[in-house]
Amino acid sequence: MPIEPLDIVRKGLQAYADRGVFRGFDEVKARNGKRAFRFVWLGNRPLEFSLDVENHVLSFNKLLPNVSSKSMMYSDLSRFVKSRSDRSVPKHRRVEPRYAEVVCANRRGEVSITLTVRNNRYEYGLNKLVNLAHEIFVQLSDKYADYMTENFDLPQE
């Protein structure tokens, strides 16, 4: 019997919470029949991860606040996300186009990262999207430390 996408995503996110990666993990019903999960990952700002089974989409909704669509930071971020599917990226970090497509979008200064799953690869997609979000946080902490301090209460070092 095949495992349902919601069960795969729920179990995968719960595993991150059980390991202490996420805090305050909770499942909530989102709009339009989508499912959503809320948790704190970095700093004290709650994050929302959603699943749209009908469209095969996993999303970190409003992952990054206060990012102008015309900023250098957003340009760098868009380029970085797009580059994750390039063959030059090591396989363990790469998002394979045959399994998933990842994009970022900026709506009113809030950046969301969305991954469309192909061939029912929800576990693959979940892991790649969480890993990509982690990589984004690392890149921003390195290059845009002031942004991370202001928006995620991270200490300046």
Side-chain angles (χ1 to χ4, degrees), residues 3-17 21-22 24-43 45-141 143-144 147-148 151-152:
I3 300 172
E4 294 295 317
L6 177 58
D7 294 332
I8 292 168
V9 171
R10 181 186 292 127
K11 182 179 174 185
L13 291 173
Q14 184 65 58
Y16 283 108
V21 176
F22 303 150
F25 179 74
D26 191 26
E27 183 174 347
V28 296
K29 187 165 183 165
R31 297 175 289 154
N32 304 327
K34 297 177 188 176
R35 297 303 297 188
F37 303 86
R38 288 200 183 110
F39 47 86
V40 175
W41 183 359
L42 192 62
R45 187 175 163 273
L47 299 177
E48 183 177 287
F49 186 98
S50 68
L51 166 65
D52 178 348
V53 176
E54 186 174 318
N55 294 305
H56 313 286
V57 173
L58 304 171
S59 299
F60 268 111
N61 306 312
K62 301 176 184 178
L63 179 67
L64 303 172
N66 305 315
V67 179
S68 169
S69 61
K70 297 180 191 310
S71 68
M72 178 61 76
M73 184 176 130
Y74 184 64
S75 179
D76 288 348
L77 177 64
S78 296
R79 200 171 19 262
F80 179 76
V81 169
K82 186 175 182 174
S83 78
R84 297 299 84 190
S85 296
D86 191 88
R87 300 291 264 159
S88 66
V89 173
K91 191 172 185 174
H92 68 281
R93 289 194 171 154
R94 182 172 54 231
V95 177
E96 289 289 346
R98 65 183 171 194
Y99 300 139
E101 177 185 11
V102 65
V103 297
C104 67
N106 188 324
R107 303 240 189 313
R108 288 182 233 122
E110 296 182 305
V111 176
S112 298
I113 308 296
T114 301
L115 183 141
T116 303
V117 174
R118 295 194 173 112
N119 303 318
N120 236 12
R121 298 284 208 135
Y122 285 92
E123 185 174 7
Y124 174 89
L126 170 66
N127 290 328
K128 290 298 179 177
L129 192 55
V130 171
N131 289 339
L132 177 58
H134 172 73
E135 283 189 87
I136 288 168
F137 289 143
V138 169
Q139 293 289 323
L140 292 176
S141 294
K143 192 168 181 183
Y144 297 98
Y147 170 83
M148 294 302 286
N151 291 279
F152 290 92

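Sequence positions, counted from 1, serve as the residue numbers for this chain. Note that the structure is a prediction, hence the values are computed from the model and not measured.
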Checklist entry - Measuring from Leu126:CG to Phe49:CZ, what's the distance to the nearest 0.5 Å? => result 5.0 Å
Checklist entry - Is there side-chain contact between Arg10 and Leu51, with at least one heavy-atom pair below 4.5 Å? => result no
Checklist entry - How many angstroms lie between atom CZ of Arg38 and atom CD of Glu27, to the nearest 0.5 angstrom? => result 11.5 Å
Item to check | Under 3.5 Å donor-acceptor, Lys11 side chain and Leu6 backbone | outcome: no
Item to check | From OG (Ser69) to CZ (Arg108), nearest 0.5 Å | outcome: 12.0 Å
Next on the checklist: Ignoring hydrogens, what is the shortest heavy-atom contact between Lys143 and Asp76? Give both atom names and the distance.
Outcome noted: NZ-OD2, 2.8 Å
Checklist entry - Would you call the rings of Phe39 and Phe60 parallel, tilted or perpendicular if under 30° counts as parallel and over 60° as perpendicular? => result perpendicular
Checklist outcome for this item: In short, Trp41 meets Val21 closest at the heavy-atom pair CD1-O, 3.5 Å
Next on the checklist: To check you understand the geometry: which heavy-atom pair defines the closest contact between Lys128 and Leu115, and what is its length?
Outcome noted: CB-CD1, 4.3 Å
Next on the checklist: Rounded to the nearest 0.5 Å, what separates atom OH in Tyr144 from atom OG in Ser71?
Outcome noted: 7.0 Å
Item to check | Check: Asn106 and Val111 side chains under 4.5 Å, non-hydrogen atoms | outcome: yes
Next on the checklist: Between Arg45 and Asn151, is the side-chain contact (heavy atoms from CB on, under 4.5 Å) condition met? List the steps.
Outcome noted: CA-CA 8 Å; Arg45 187 175 163 273; Asn151 291 279; 5.8 Å; no
Would you give me the side-chain donor-acceptor pairs under 3.5 Å for residues 129-141, sequence neighbours excluded?
residue, atom, partner, partner atom, Å
Asn131, ND2, Asn127, O, 3.1
Glu135, OE1, Arg84, NH1, 3.2
Ser141, OG, Phe137, O, 2.9

Next on the checklist: Main chain of Val95, side chain of Ser85: is a donor-acceptor contact present, judged purely on distance under 3.5 Å?
Outcome noted: yes
Checklist entry - Which residues pass the salt bridge (charged side-chain N to carboxylate O under 4.0 Å, His left out) test with Arg118, sequence neighbours left out? => result Glu101
Checklist entry - Any idea which heavy atoms bring Leu42 and Met148 closest together, and the distance? => result CD2-CE, 3.4 Å
Next on the checklist: Can you list everything that forms a side-chain contact (heavy atoms from CB on, under 4.5 Å) with Tyr99? Sequence neighbours excluded, please.
Outcome noted: Glu96, Arg121, Tyr124
Checklist entry - Short question: side chain of Ser112, backbone of Lys62 - any donor-acceptor pair under 3.5 Å? => result yes
Checklist entry - Do the side chains of Val9 and Pro5 get nearer than 4.5 Å, heavy atoms only? => result no
Next on the checklist: I need the minimum non-hydrogen distance between Asp52 and Lys34, along with the two atoms involved.
Outcome noted: OD2-CE, 3.4 Å
Next on the checklist: If you apply the rule side-chain contact (heavy atoms from CB on, under 4.5 Å), what do you find for Asn55 with Thr116, and how did you get there?
Outcome noted: CA-CA 8 Å; Asn55 294 305; Thr116 303; over 6 Å; no
Checklist outcome for this item: Taking every heavy atom of Ile113 against every heavy atom of Val102, the minimum-distance pair comes out as CG2-CG2, 3.8 Å
Checklist entry - Taking the side chain as C-beta and beyond, is there a heavy-atom pair between Leu64 and Tyr74 under 4.5 Å? => result no
Item to check | Close side-chain approach of Arg79 and Lys82, heavy atoms under 4.5 Å | outcome: no
Item to check | From CG (Leu13) to CZ (Phe22), nearest 0.5 Å | outcome: 5.5 Å
Checklist entry - Checking Ser59 side chain against Asn61 main chain: does a donor-acceptor pair fall under 3.5 Å? => result no
